[in-house]
Amino acid sequence: MDLPQQRAEGAGPFTTRLTWQRPAGETVVWESRPARRRGTLAVRSPGGPAVRTATADTAALRRLRLLGGIASAAFVVGGALFALGAAVSQFGWGDTAESAVIYFAGGLFFNTGGYVSLLQVLNGPRHTPEGGGRLVTGAWKWWGYEPMRLDWLSTFVLFVGTLVFGINLLDSFIQGLTVQQTNRLIWTPDVIGCLLFLLSGHLAFIEICHRPWPCLRSRSLGWWVVAVNQFGSVLFMISALAAFTLPATGNLVSTAVANWGTLCGALCFCVGGVLQAFERP
């Protein structure tokens, strides 16, 4: 028997929360992030409080734990390496080449975290209104194109952002660049990567808040993961803007702001990765 859909919520063409009524009178609420991260639906008995129950099968929950753990560890290590690279530059613990190597290593972990986050979306349990409203797990996917899913769009933009940062990090090894070449090959990808991180974070807020603008949901662990990471993205953007090389002098707008913005932003991603480790089935 099909479940009559009561209400669909979200922003624009994206649906991030659905509510159904079971024939027995129970209300079933599917939310995008809890379903794909924890394999859960919210069920409310007639006249009773909401109860969050895991409805995905054991294999699906095991898959979610594995992918969540890998993504969490990747962002923790990547953030730590970025913070170390900024500290090396700011405090003079090494030369520019050593800092660049540390940044590049951190970027590889960010690439991993971004891709695994996308895999979480592609391989997470999907809701099925038919048959009582439940979560089912499909075949494993290494790639998929689902632009009408907000969670896919958010994680895809995040992954592309990590790849753009990789261009910036690779170009930083090139020696003898002019000021114009430095701004074009290193600074421009840096800013684009930061913009993509900010866009990904905003889309993640929409997924949690079910509306086009951010909200405050301090009791939600998922909200804190997104909020901390978004604050880190803001700091990365401040750092990138401060790293613009002035044509007149050949100096950065502010080396200290660039280093401290990267260091503090990277620590935010570390914290976000730690929090993400607890956002699991």
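Along the sequence shown, the residues carry numbers beginning at 1.
In this structure, the side chain of D190 does not engage the main chain of I186 through any donor-acceptor pair within 3.5 Å. Within the 3.5 Å criterion, the main-chain N or O of L81 finds no donor-acceptor partner in the side chain of Y103. In this structure, the side chain of S154 engages the main chain of S200 through a donor-acceptor pair within 3.5 Å. Under the 3.5 Å distance criterion, the side-chain polar atoms of T15 are left unmatched by any main-chain donor or acceptor of E9. Without hydrogens or angle criteria, S99 side chain to D95 main chain gives no donor-acceptor distance under 3.5 Å. Under a 3.5 Å cut-off, the side chain of R63 and the backbone N or O of N123 do form a donor-acceptor pair. Not one N or O on the side chain of Q90 forms a donor-acceptor pair closer than 3.5 Å with the backbone of A87. Put simply, the side chain of N168 never gets that close to the backbone of P189: no donor and acceptor are under 3.5 Å apart. Looking only at distances, no side-chain donor or acceptor of S72 sits under 3.5 Å from a matching main-chain atom of G68. When atom types are taken as modelled, the side chain of T112 and the backbone of L108 share a donor-acceptor pair closer than 3.5 angstrom.
Cluster membership for W260 and V234, using ILVMFWY side-chain heavy atoms within less than 4.5 angstrom, is not shared. Under the 4.5 Å side-chain heavy-atom criterion for ILVMFWY residues, no single connected hydrophobic cluster contains both I206 and M148. Note on I192 and V160: same hydrophobic cluster, where clusters join Ile, Leu, Val, Met, Phe, Trp and Tyr whose side-chain heavy atoms are under 4.5 Å apart, directly or indirectly. Linking Ile, Leu, Val, Met, Phe, Trp and Tyr whenever their side-chain heavy atoms come within less than 4.5 Å leaves L150 and W213 in two separate clusters. A continuous path of hydrophobic side-chain contacts links L267 to V77 [ILVMFWY only; heavy atoms under 4.5 Å].
Once rounded to the nearest 0.5 Å, the distance linking OG1 of T162 with CG of N111 reads 4.0 Å. With rounding to the nearest 0.5 Å, the separation of CZ in R65 from CD1 in I70 is 14.0 Å. Considering CG of L118 and NZ of K141, their distance stands at 11.0 Å, rounded to 0.5 Å. The OG1 atom of T19 sits 10.5 Å away from the CH2 atom of W30 when rounded to the nearest 0.5 Å. For the atom pair CZ (F110) and CG (L169), the distance works out to 10.0 Å, reported to the nearest 0.5 Å. In this structure, I208 CD1 and L203 CG are separated by 12.0 Å, a value rounded to the nearest 0.5 Å.
Here the closest non-hydrogen pair linking L235 and C268 is CD1-SG, 4.1 Å. Nearest heavy-atom pair, C194 versus M237, reported as atom, atom and distance to 0.1 Å: CB-CE, 3.5 Å. For A243 against L252, the heavy-atom pair with the smallest separation is O-CD2, 3.2 Å. The heavy-atom pair separating C270 from A80 by the smallest distance is SG-N, 3.1 Å. Nearest approach of S218 to W223, heavy atoms of both residues: CA-CE3, 4.3 Å. The heavy-atom pair separating L177 from D171 by the smallest distance is CD1-O, 4.2 Å.
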Q: Verify side chain to side chain contact (heavy atoms under 4.5 Å, CB included) between L195 and V191, making sure each step is shown before the conclusion.
A: CA-CA 6 Å; L195 287 172; V191 171; 4.2 Å; yes

Q: Tell me, with the steps shown, if S117 and T155 meet side chain to side chain donor-acceptor pair (under 3.5 Å).
A: CA-CA 6 Å; S117 296; T155 53; over 6 Å; no

Q.
side chain to side chain contact (heavy atoms under 4.5 Å, CB included) for V257 and V253? Distances and angles first, verdict last.
A. CA-CA 9 Å; V257 171; V253 171; over 6 Å; no

Q: Report the C-alpha distance between F269 and V228 in whole Å, list the side-chain angles of each, state the deciding distance to 0.1 Å, and finish with yes or no for side chain to side chain contact (heavy atoms under 4.5 Å, CB included).
A: CA-CA 7 Å; F269 282 105; V228 170; over 6 Å; no

Q: Would you check, one step at a time, whether the test side chain to side chain donor-acceptor pair (under 3.5 Å) holds for S32 with E207?
A: CA-CA 7 Å; S32 176; E207 181 188 16; 2.6 Å; yes

Q: Carefully, step by step, assess R126 and T137 under the rule side chain to side chain contact (heavy atoms under 4.5 Å, CB included).
A: CA-CA 6 Å; R126 310 293 179 98; T137 306; over 6 Å; no

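Contact of the L158 side chain with the L196 side chain is not registered, since no non-hydrogen atoms from C-beta on lie closer than 4.5 Å. Within the 4.5 Å cutoff, the side chain of F236 has heavy atoms near those of the F82 side chain. Between L221 and R37, the closest side-chain pair of non-hydrogen atoms is not below 4.5 Å. Side-chain contact check for S172 versus F104: every heavy-atom pair is 4.5 Å or farther apart. Contact annotation: the side chain of R36 never approaches that of L64 to less than 4.5 Å [non-hydrogen atoms, C-beta and beyond]. Residues F156 and V121 form no side-chain contact, since every pair of their non-hydrogen atoms from C-beta on lies 4.5 Å or further apart. The closest side-chain heavy-atom distance from V29 to L41 is not below 4.5 Å. Within the 4.5 Å cutoff, the side chain of F205 has heavy atoms near those of the Q230 side chain.
Remark: W152 CH2 is packed, more than 12 non-hydrogen atoms of other residues, nucleotides or ligands lying under 6.0 Å away. Within 6.0 Å of the CZ atom in F91, the count of heavy atoms belonging to other residues, nucleotides or ligands exceeds 12. Counted within 6.0 Å of CZ on F109, heavy atoms from surrounding residues, nucleotides or ligands total 12 or fewer; the atom is thus considered open.
Screening residues 238-258 for ring-ring contact (aromatic ring centres under 6.0 Å, His included), with sequence neighbours left out, gives W187-F244.
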Acceptor/donor pairs from residues 274-281 side chains to any protein atom, 3.5 angstrom cut, sequence neighbours excluded:
{"unit_1": "E279", "atom_1": "OE1", "unit_2": "R33", "atom_2": "NH2", "d": "3.0"}
{"unit_1": "E279", "atom_1": "OE2", "unit_2": "R33", "atom_2": "NE", "d": "2.7"}

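Between E31 and R217 there is a salt bridge, since a side-chain N of the basic residue sits under 4.0 Å from a carboxylate O of the acidic one.
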